[in-house]
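Starting from 1, each residue takes its place in the sequence as its number.
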Amino acid sequence: MPETISATAAPAVGKTPGTERSKARARAARNRAILVQSTRALVLLGVIGLWEWLARTSVIDPFNFSMPSKIWEQLKQWALHGTAQGSLWEQIWYTLYEALLGWGIGVVAGVVLGIAFGRIAFLADVLGPYIKVLNALPRIVLAPIFLIWFGLGPASKVASAVVLVFFPVFFNAFQGAREVDRNLVANSRILGASNRQVTLQVVIPSATSWIFTSLHVSFGFALIGAIVGEYIGATKGLGLLVSSSQGTFNAAGVYAAMVILAVVALLAEGLLTFLEKRLFRWKPAQPGEDR
């Protein structure tokens, strides 16, 4: 008889309270994601529609502000028939190549020096003030200097991207190295780890989340560096498209180049977010964050 009562009282397999709560949370997260994406789309459509209506009714000057329909036509024209500088895809790749190369160099230099400064106090004490002075300079104004040094080719744009990327990555890596749990370092020392092992196996993994935070911002800076360099002087690239469109008072061309840049930046941000989630699956999700 007790066995019969026990079997009757046992919850059905697969319908435990914990499982039901997990399913409810998953449904809530899915519904919230749908709501967020739908609202984003509505906001974008609303802004585009309002802009088109204001330009067509001459509330704003369509010559200076253009309108979404003209921007779309400009994008189609470039995609199908190319630009004055060549194929649109060639211009996109040229700018992307400069930005990616500058981003890669800036990230590597920022991480290596940031970790080194964070681990070696003497180095930070001696060179720290110089880093702060360089960071205080308006780095965009270096683009004309790089143009003089390296010419109209991609080297000057890569240099502009590097100086914009380096500092946010450096300071995040430096702070990440300084914020490492001292107990972990002490325990590693007790177990006989060398300085190199502590840096590679404790400090760098602990600083990775800090470094990834800077990567989201730094790629946008790399694009800015490449575009500004091309705007000042180049033979190819989206920055040259912006400059040429401005020179001919083609507002639609300026906005079209900006749309392309926005799409590239969003794709890069999405890729970085995906990689971050894959690498940091062990981290608990923050409130309101979809993981």
Side-chain angles (χ1 to χ4, degrees), residues 64 83-85 91-114 116-117 123-124 126-175 210-211 213-251 253-266 268-269 272:
N64 293 324
T83 69
Q85 291 76 33
Q91 313 309 311
I92 294 173
W93 167 244
Y94 198 77
T95 299
L96 194 58
Y97 164 76
E98 296 165 345
L100 284 173
L101 185 57
W103 183 70
I105 295 172
V107 166
V108 171
V111 169
V112 171
L113 291 179
F117 278 47
L123 190 64
V126 173
L127 299 180
Y130 297 106
I131 295 291
K132 292 178 181 178
V133 169
L134 292 174
N135 183 51
L137 294 175
R139 292 181 292 279
I140 287 296
V141 301
L142 295 175
I145 298 176
F146 292 144
L147 187 66
I148 295 172
W149 288 354
F150 303 119
L152 294 175
S156 57
K157 289 73 179 175
V158 171
S160 297
V162 169
V163 296
L164 286 175
V165 169
F166 170 79
F167 288 98
V169 176
F170 168 83
F171 284 114
N172 273 46
F174 173 78
Q175 192 64 31
W210 287 82
I211 295 169
T213 300
S214 67
L215 297 187
H216 290 279
V217 178
S218 60
F219 186 77
F221 287 162
L223 277 176
I224 292 172
I227 291 298
V228 169
E230 291 171 351
Y231 184 86
I232 294 173
T235 57
K236 295 178 183 178
L238 294 175
L240 182 59
L241 285 184
V242 173
S243 178
S244 301
S245 298
Q246 181 192 19
T248 56
F249 297 97
N250 179 11
V254 175
Y255 286 119
M258 291 170 61
V259 168
I260 296 171
L261 286 172
V263 170
V264 171
L266 286 174
E269 173 67 18
L272 285 172

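Here F166 contributes atom CZ and F221 contributes atom CZ; the two are 14.0 Å apart, rounded to the nearest 0.5 Å. Between the CD1 atom of I224 and the CD1 atom of I140 there is a distance of 6.5 Å, given to the nearest 0.5 Å. Atom CH2 in W103 sits 11.0 Å away from atom CG in L223 (nearest 0.5 Å). Here the straight-line distance linking atom CG of L240 with atom OG of S245 works out to 9.0 Å at 0.5 Å rounding. In this structure, CD on E230 lies 7.5 Å from OH on Y94, to the nearest 0.5 angstrom. Once rounded to the nearest 0.5 Å, the distance linking CG of L113 with CD1 of I131 reads 7.0 Å.
Side-chain atoms of S214 come within 3.5 Å of backbone atoms of I211 as a donor-acceptor pair (strictly under, hydrogens ignored). Judged purely by atom type and a 3.5 angstrom limit, K157 uses its side chain to pair as donor or acceptor with the backbone of G153. Between the side chain of S160 and the backbone N or O of G229 there is no donor-acceptor pair closer than 3.5 Å.
F150 is not listed as a side-chain neighbour of V158, based on a closest heavy-atom distance of 4.5 Å or more. When side chains are defined from C-beta on, L241 does not count as touching S244, because their heavy atoms never get closer than 4.5 Å. No side-chain heavy atom of N250 sits less than 4.5 Å from a side-chain heavy atom of V254. When side chains are defined from C-beta on, F170 does not count as touching N135, because their heavy atoms never get closer than 4.5 Å.
Between A226 and A99 the shortest heavy-atom distance is CB-N, 4.2 Å. When all heavy atoms of G237 and T95 are compared, the closest pair comes out as CA-OG1, 3.4 Å. Pairing each heavy atom of A124 with each of P129, the nearest pair is O-CD, 4.2 Å. The two residues G102 and A161 make their nearest non-hydrogen contact at CA-CB, 3.9 Å.
A donor and an acceptor atom, one from each side chain of S156 and W149, are nowhere located under 3.5 Å apart.
Between Y97 and W93, the ring planes lie tilted relative to each other; the angle falls in the 30° to 60° range.
Of the residues listed (V107, L100, V165), the one engaging F219 in a side-chain contact (heavy atoms from CB on, under 4.5 Å) is L100, and it is the only one.
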